[in-house]
Number of protein chains: 2
Amino acid sequence: MHKQGIRDVAQLAGVSISTVSRAFTRPDLVSPKTREKVMTAANQLDFNISRSATALKSGQTFRVALLMNQEVTSWFNAQVFAGLESVLHAQGYDISLFQHIDDAKNRESFFTDLPVLRNVDAVFVASFAIEPEEVDALRRTRVPIIGINTPNIDAFDASVCIDDEGGMFKAAQHMINLGHKRIVYTCSAPEESLVSSIDARGRGFVRACTAAAEKDPDLHWKVLSVPRGRDFADSALAAVLSEEEFPDAICCQMDMMAIPLMLKMQRHGYYTPRDYSIIGFDDANYADTVDLTTMRQDPYAMGASAARKGLALLHGEELKEAHSVIEPRLILRGTDARRNPDQPLVRG
Amino acid sequence: MHKQGIRDVAQLAGVSISTVSRAFTRPDLVSPKTREKVMTAANQLDFNISRSATALKSGQTFRVALLMNQEVTSWFNAQVFAGLESVLHAQGYDISLFQHIDDAKNRESFFTDLPVLRNVDAVFVASFAIEPEEVDALRRTRVPIIGINTPNIDAFDASVCIDDEGGMFKAAQHMINLGHKRIVYTCSAPEESLVSSIDARGRGFVRACTAAAEKDPDLHWKVLSVPRGRDFADSALAAVLSEEEFPDAICCQMDMMAIPLMLKMQRHGYYTPRDYSIIGFDDANYADTVDLTTMRQDPYAMGASAARKGLALLHGEELKEAHSVIEPRLILRGTDARRNPDQPLVRG
DNA sequence: TTGAAAGCGGTACCAA
DNA sequence: TTGGTACCGCTTTCAA
């Protein structure tokens with residue numbers, strides 16, 4: 001039994017191929033009984049409209065590209081992907097995924113070969129900055145380019161970003177307000193090759209602490225930067241434990257840093273909130289389980305929002321708000337406590 | 001400036017469109033200097049071969065479907081997706097994702113509308129069983145159907161599964177061998193509508209315990225089943241804590257259950273491995289951080305393997321081994337310890 | 001090595 | 001409301 005095409009259906013139903021096409025795409029233009037005949041025939045022959053043919057004819061590709069750092073499997077990337085998917089799949093779009101764009105080789109080959117040229121209807125960029133010349137390359141696709149948590153937004157037709165700097169400013173301010181005097185910020189060092197959206201968080205921390213330290217000479221703060229990589233949490237743990245004085249508050253660049261840190265700190269005798277306060281960023285997996293106070297962002301919602309903007313753009317609509325900035329929200333849980341000023345700082 | 005097509009390139013390069021086509025797809029059939037001319041022209045006009053047109057002409061769709069339970073964002077699903085993606089993307093295939101097939105409505109509409117009919121080159125099914133009539137529906141697509149951790153494999157052209165039952169048998173046996181006498185299995189209850197691959201794990205537990213209890217009358221075991229859903233870990237915690245006697249060993253259906261359990265148990269004064277042993281299943285996120293002894297499976301590798309099988313199948317190749325079963329591996333970490341027979345069981 | 005031309009499976013305009 | 005038909009952009013056979 002051969003593959004059945006639109007003309008087989010037309011023949012079986014005793015109508016023209018135009019009518020078959022309309023029965024699928026504009027059913028309202030076909031009389032009910034004709035439509036019925038067509039659908040019966042189609043069902044009988046296991047026929048369905050070919051997306052490739054529709055795409056070719058329409059000039060659309062029904063495909064978008066998603067560029068990301070590292071793996072899809074990370075919490076942030078998976079959420080963004082799922083958010084995009086939730087609105088795009090329903091509209092008949094596939095997502096063509098380009099992972100590990102932070103790898104210099106991938107990046108180079110992506111932007112020179114530009115496999116997306118004439119092959120996607122929109123490009124989404126998640127959480128890293130693209131260079132001016134890469135922007136130029138992307139522009140050649142002549143499709144909307146939408147940023148999600150991208151450090152610079154001017155290169156994009158639209159964007160959805162959280163206020164990384166403001167969020168970490170709030171987190172640090174919260175620690176300051178609790179009376180903490182020795183505050184550290186643990187983070188993975190920015191990479192020279194790639195500006196990532198989370199690098200702005202450090203600036204928020206520094207800004208809050210600088211301002212507070214001016215008014216309060218007893219307040220000390222420090223940035224503990226460790227290499228990005230598999231074991232960055234262990235590196236951060238080592239960095240904290242080898243400080244001259246144990247901090248009474250830790251601001252973490254992200255929950256994936258904060259959670260291992262607080263868990264492993266226990267093994268060294270430090271308990272939160274008894275001995276120190278700790279605040280994360282993201283409200284990622286297990287943050288609620290370990291009762292971590294953190295700054296919440298919702299990458300799923302950001303992905304969905306970006307997808308809606310992209311869709312609007314490629315339908316030629318004007319966006320009311322092309323660039324959205326979302327404020328992360330302080331989620332108070334159990335790892336922050338007011339410092340008792342009479343109690344000396346704990347030592348290991 | 002209008003969109004540039006193959007004939008614009010042909011004209012600019014002073015060749016025919018056939019030559020342009022060949023320059024891209026069969027460069028070896030074109031003389032070097034002609035190819036050079038074509039590529040220069042193509043680059044100048046931002047031209048690239050259209051995947052839609054290639055797809056239409058070739059009869060392939062360059063798209064596969066992936067059906068899954070629940071969200072892509074869960075550890076297992078994200079890993080499987082990434083594994084598939086890692087081999088399929090490189091070969092020019094997109095993945096069309098169908099999530100939440102466990103939802104009765106989605107499931108119904110998917111199998112009756114069958115949107116994948118004539119629109120994918122292969123179908124992958126992750127971690128749930130499909131009904132005989134659903135198999136029939138899928139068969140109408142006339143494309144290879146590949147299972148990943150599917151309870152029944154006979155419906156599939158190929159499959160990659162782990163031995164869920166055998167793995168949990170090993171886990172339980174390990175607890176038994178450590179001398180534990182009150183062993184519980186915590187799990188989320190199977191759903192009536194959907195057979196999931198993890199439901200086999202309970203059988204492995206029961207089999208190991210039944211055999212051991214026959215030889216050792218002091219050995220007691222029990223299955224603690226809680227409703228599937230958002231707070232299944234809290235339900236399991238409650239179930240364990242409200243047992244008449246606190247167990248000395250806990251086998252968990254999955255790490256996502258074991259990790260919250262061991263963490264929250266601490267708040268109630270129970271520490272592992274001091275007071276009880278606990279073993280998970282999956283080796284998922286944070287299992288290493290919390291030092292959880294567990295059974296490892298590698299869904300990323302399974303996805304990649306399934307993808308390779310699917311590709312082979314749709315190229316018409318014979319598979320050496322259509323159905324693979326992978327044994328999960330016991331990863332010994334810090335949450336299991338030999339029970340001291342002289343020490344009475346702890347009480348809360 | 002290159003070119004001409006027939007389709008792949010639809011869509012949509014124009015006519016009836 | 002329905003049918004005829006010219007494409008959409010590429011691949012591929014056949015001929016030159």
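Letters go in sequence order (proteins before strands), and every chain restarts at 1. Side-chain atoms are counted along with the backbone in the values below, which use heavy atoms only and exclude waters and symmetry mates.
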Whole-Å distance separating the CG atom of A:Asp8 from the C1' atom of C:dC8: 13 Å

B:Thr141 side chain near B:Val120 side chain, heavy-atom distance below 4.5 Å: no

Touch class at under 4.0 angstrom, heavy-atom based, for A:Ser58 against every strand present: nothing

Short side-chain donor-acceptor distance under 3.5 Å, A:Ser21 and A:Ser18: no

Sugar-phosphate only, base, or nothing, as touched by B:Phe24 at under 4.0 Å among non-hydrogen atoms: nothing

May I have the list of side-chain donor-acceptor pairs in residues 152-160 of chain A shorter than 3.5 Å, sequence neighbours left out?
{"unit_1": "A:Asp157", "atom_1": "OD2", "unit_2": "A:Ile145", "atom_2": "N", "d": "2.7"}
{"unit_1": "A:Ser159", "atom_1": "OG", "unit_2": "A:His323", "atom_2": "ND1", "d": "2.6"}

Polar side-chain contact B:Arg22-C:dG3 base: donor and acceptor under 3.5 Å: yes

Selection residues 57-67 of chain A - residue pairs positive for side chain to side chain donor-acceptor pair (under 3.5 Å), sequence neighbours left out: A:Gln60-A:Tyr93, A:Thr61-A:Asp121, A:Arg63-B:Asp94

Sole candidate of B:Val20, B:Thr19, B:Thr40 that passes side-chain contact (heavy atoms from CB on, under 4.5 Å) when paired with B:Val9: B:Val20

Below 4.0 Å: OP1/OP2 of D:dC7 and any side-chain N or O of B:Arg7: no

Spacing of A:Gln60 atom CD relative to C:dT11 atom P, expressed in whole Å: 13 Å

Candidate nucleotides D:dG3, D:dG9, C:dG3, ranked by approach to the side chain of A:Val15 - the nearest: D:dG3

Of all pairs that satisfy salt bridge (charged side-chain N to carboxylate O under 4.0 Å, His left out), the ones with a partner from residues 16-32 of chain B, not counting sequence neighbours: B:Arg26-B:Asp28

Sugar-phosphate, base or nothing in reach of B:Thr25, heavy atoms under 4.0 Å: sugar-phosphate

d(CZ, B:Arg51; P, D:dC8) in whole Å: 22 Å

Nearest-Å distance for atom pair CG/P, residues B:Asn48 and D:dT11: 11 Å

Nucleotide D:dT11, atom C1' - distance to CZ of B:Phe62 in whole Å: 12 Å

A:Ser21 vs C:dT11: side-chain N/O to OP1/OP2 distance below 4.0 Å: yes

Pairs flagged by salt bridge (charged side-chain N to carboxylate O under 4.0 Å, His left out) wherever residues 298-309 of chain B is involved - sequence neighbours left out: none

Polar atom pairs (N or O), protein with nucleotides 5-7 of chain C, under 3.5 Å:
{"unit_1": "C:dA5", "atom_1": "N6", "unit_2": "B:Ser18", "atom_2": "OG", "d": "3.4"}
{"unit_1": "C:dG7", "atom_1": "N2", "unit_2": "B:Lys57", "atom_2": "NZ", "d": "3.0"}
{"unit_1": "C:dG7", "atom_1": "N3", "unit_2": "B:Lys57", "atom_2": "NZ", "d": "3.2"}

Contact nearer the 5' end of DNA chain C, comparing B:Ser16 with B:Leu56: B:Ser16

ring-ring contact (aromatic ring centres under 6.0 Å, His included) involving B:Phe81 - partner list, sequence neighbours excluded: A:Phe81

Listed partners of B:Phe24 passing ring-ring contact (aromatic ring centres under 6.0 Å, His included), at least two apart: B:Phe47

Side-chain N or O of B:Thr54 closer than 4.0 Å to phosphate OP1/OP2 of D:dT11: yes

Nearest-Å distance for atom pair CZ/P, residues B:Arg26 and C:dT2: 14 Å

Non-neighbouring partners of B:Phe98 that pass ring-ring contact (aromatic ring centres under 6.0 Å, His included), sequence neighbours left out: A:His89, B:Phe110

Members of residues 28-38 of chain A that approach DNA chain C, where some heavy atom sits under 4.0 Å away: none

